[in-house]
Protein chains: 2
Amino acid sequence: MRPTVHDIAAAAGVSLATVDRVLNRRPGVRGVTREKVEQAIERIGYIRDVAAANLAKSRVYPFVFILPSGDNSFMRGLEAQVRAAIGRSPAERTAISIVTVPAFNPEALVAALDEARATSPSGVAVVAIDSPDVIAAVDRLRGERIPVVTLVSDLAGSKRDHFAGVDNIAAGRTAASLMGRFLGGRSGPVAVLAGSMLVRDHRERLDGFSAVMNESFPGHALLPVLEGQDDPALAEQLVGEALAASPEIAGIYSLGAGNRGLIAALKRRRNGVPVCVIAHELTQHTRAALNDGLIDAILNQDAGHEVRSAIRVLKAKADGVAVIGAQERIRIDIFLKDNLPFERDGHDNQEPEPGRQD
Amino acid sequence: MRPTVHDIAAAAGVSLATVDRVLNRRPGVRGVTREKVEQAIERIGYIRDVAAANLAKSRVYPFVFILPSGDNSFMRGLEAQVRAAIGRSPAERTAISIVTVPAFNPEALVAALDEARATSPSGVAVVAIDSPDVIAAVDRLRGERIPVVTLVSDLAGSKRDHFAGVDNIAAGRTAASLMGRFLGGRSGPVAVLAGSMLVRDHRERLDGFSAVMNESFPGHALLPVLEGQDDPALAEQLVGEALAASPEIAGIYSLGAGNRGLIAALKRRRNGVPVCVIAHELTQHTRAALNDGLIDAILNQDAGHEVRSAIRVLKAKADGVAVIGAQERIRIDIFLKDNLPFERDGHDNQEPEPGRQD
DNA sequence: CTGTTAGCGCATTCAC
DNA sequence: GTGAATGCGCTAACAG
């Protein structure tokens, strides 16, 4: 049998309560006694049974998820994944609440962070916006020892515990590599559609993309970035205008959301050279466009994985235990027509598949 | 508070023991009583606390992992991941043993499966070989209600509970798509290096690859498959001969192991057209070759994810509970030079990274 | 400062 | 057939 608290109590010649105090670093133990107990723990190779501890504490983890509101397929999918996690709450001992705030609005996000802090949760997950005020708000949470993980978009310079999202520079570089190679010998400039340079993930994707295009495929000029605010209507207008103005455009990299608009613009197009399109996030619309050959590749981040990972990490930080690093690395999924996952599993699936939402 | 067994006992007007009998479908309860209890359970919305149940039972899950032995980077990496899981055993209440058997040897695998069965484990994970004897051995396990998951290579026609591995047909198709597009306008035949047509994953990759090459890129003829037995020396010889015989080879798809040999052959090559190389599994060697530009893309399956997933599924099957479908889908990772994960995380990593082993 | 005691939610003897 | 009592490993009052 694995050693228990009783064994260490016996080995150290103290009572359970004292053992518990040193295990949980609580005050009220003399230095010598603490020493004795710690030695015993070491000696008999005690490993704490977290499940039993949580049972005794009737522990629940109140977590707050702060997401952008609005009509954004990916973000709504993310929210669906958080709801799926809420459905698992009884089994996972979590109590998750969702707060939505207007996108690209630092003030609203700061307010939400401060409100969350007032409820003293066990952890906060937030889709960050890059701004000094937001950094300060996150650091206030950390100041109260509340674990924070950033979700999808990171917040460099803050004291957040962890980032649950992809390496967006690598994503941009990958997009450029694929674009350059898919373009093969063809010539022509490449357009970039972004959401907003206010969020770090978009900026990083652009940086990675530009770097590789310039290094490895200097033959393709980059057109000025189109900022579509992740809004389909605006995206459609901007892409439409760009295609009309430069019929020789050979490629489009859509690094943000609003792909419905991009796809509409592509469908409306009647002339010009064939254009290679690479977009982010697998949604109902991008999936269909990939199948139709309108989009050539989709870079995706698995929202379900991100949410589950955020919860695991928040729990681990709240308990002060380690996580399995590799399990928490969010991959950049690359989808071609040929490796699209099925829309529904059918048999033992319990939560929304990635890409069903819009 | 969540309802507990006490609540349902009170609601049904029976004792804890009776409730427990009903919950665990044990005999010794009259039909009427059972009815009463089941209604109460339904009415108050009882959800069983699995952690508490496991605590009371002091449950451990004895699992057996059966892997091919031999000098195969990927398989040794897989084994390392199982060892990492063994390191987590105390926390996860598992007791995992590893059995290795000679590769591509159905008899040895059957013997290992039968031996495992004799120990009545809570579950078995096995890298399958496609053979009627193996199917029968797996079904014998299932006959004793021992959950079985296939790992990496599936066993169609068997009663295995689950497959923890990638969609290999899709992997082959994806390889072909990338190959065709990377080749762009260039012409020339394409060679395929496999391990053995005895294992299903290799056959499926070949099928997917051939299908898409024929459909979409008929300009590139497929050379006869080279069967390298996942052996570096043999692979090097076969590829060397093929390149010498056909200097106009434009692409090579390596769908099995033994990539060290492939890379050596590529390095030795002094003339001929540039060749596009796509290989499977990120290892020390393929990683270096990708960075050197010798390999153009690597399709990978995350061995760590596969092992963790197999364990989760075996546990769930043993307990008769559902799993999160999406979490158990193993992705086909596509790595270019630009999205290679770092070799080590450094901070909160606790287990071997994919691709460090050979 | 330290020890005793009673649970957390569930499973499992043993009586009745 | 059914119920009462005890314990899984740990935490948290409450005494001393």
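In the text below, chain A, chain B and the rest are named by the order of the sequence lines, each starting its count at 1. When reading the values below, keep in mind they use all heavy atoms of this one structure, side chains included, and skip hydrogens, waters and symmetry mates.
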For the side chain of [X], counting heavy atoms from C-beta on, which of [options] is nearest?
X     : options               : answer
A:A53 : D:dT11, C:dC10, D:dG1 : D:dT11
B:S58 : C:dA11, C:dG7, D:dC8  : D:dC8
B:L55 : C:dA11, D:dA4, C:dG9  : C:dG9
B:A52 : D:dG3, C:dC10, C:dA11 : C:dC10
A:A56 : D:dT11, D:dA12, C:dT4 : D:dT11

In whole angstrom, give the distance that lies between atom [atom1] of [X] and atom [atom2] of [N].
X     : N      : atom1 : atom2 : result
A:H6  : C:dT5  : NE2   : P     : 12 Å
B:K57 : C:dT13 : NZ    : P     : 13 Å
A:D20 : C:dG7  : CG    : C1'   : 14 Å
B:L23 : C:dT12 : CG    : C1'   : 14 Å
B:R25 : C:dT12 : CZ    : P     : 15 Å
A:R48 : D:dC10 : CZ    : P     : 8 Å
B:L16 : C:dC14 : CG    : P     : 19 Å
B:I8  : C:dA11 : CD1   : P     : 11 Å

Sugar-phosphate only, base, or nothing, as touched by B:V19 at under 4.0 Å among non-hydrogen atoms: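 Result for B:V19 = nothing.
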Sugar-phosphate only, base, or nothing, as touched by A:R26 at under 4.0 Å among non-hydrogen atoms: sugar-phosphate
Output yes when at least one side-chain N/O atom of [X] is less than 4.0 Å from OP1 or OP2 of [N], else no.
X     : N      : value
A:T18 : C:dG3  : yes
B:N24 : C:dA11 : yes
A:T4  : D:dC8  : no
A:T33 : C:dC1  : no
A:R59 : D:dC10 : no

Could you tell me whether [X] and [Y] have a side-chain N and a carboxylate O separated by less than 4.0 Å?
X      : Y      : result
B:D49  : A:R93  : yes
A:D333 : B:R331 : yes
B:R160 : B:D139 : no
B:D319 : B:R59  : yes

From CD (B:E79) to CZ (B:F74), nearest 0.5 Å: 12.5 Å
Closest non-hydrogen atom pair between A:L67 and A:L78, with its separation: CD2-CD2, 3.8 Å
5' priority, DNA chain D, between A:A17 and B:V14 [closest heavy atom]: B:V14
Base C:dT2 paired with A:R21 side chain (donor-acceptor, <3.5 Å): yes
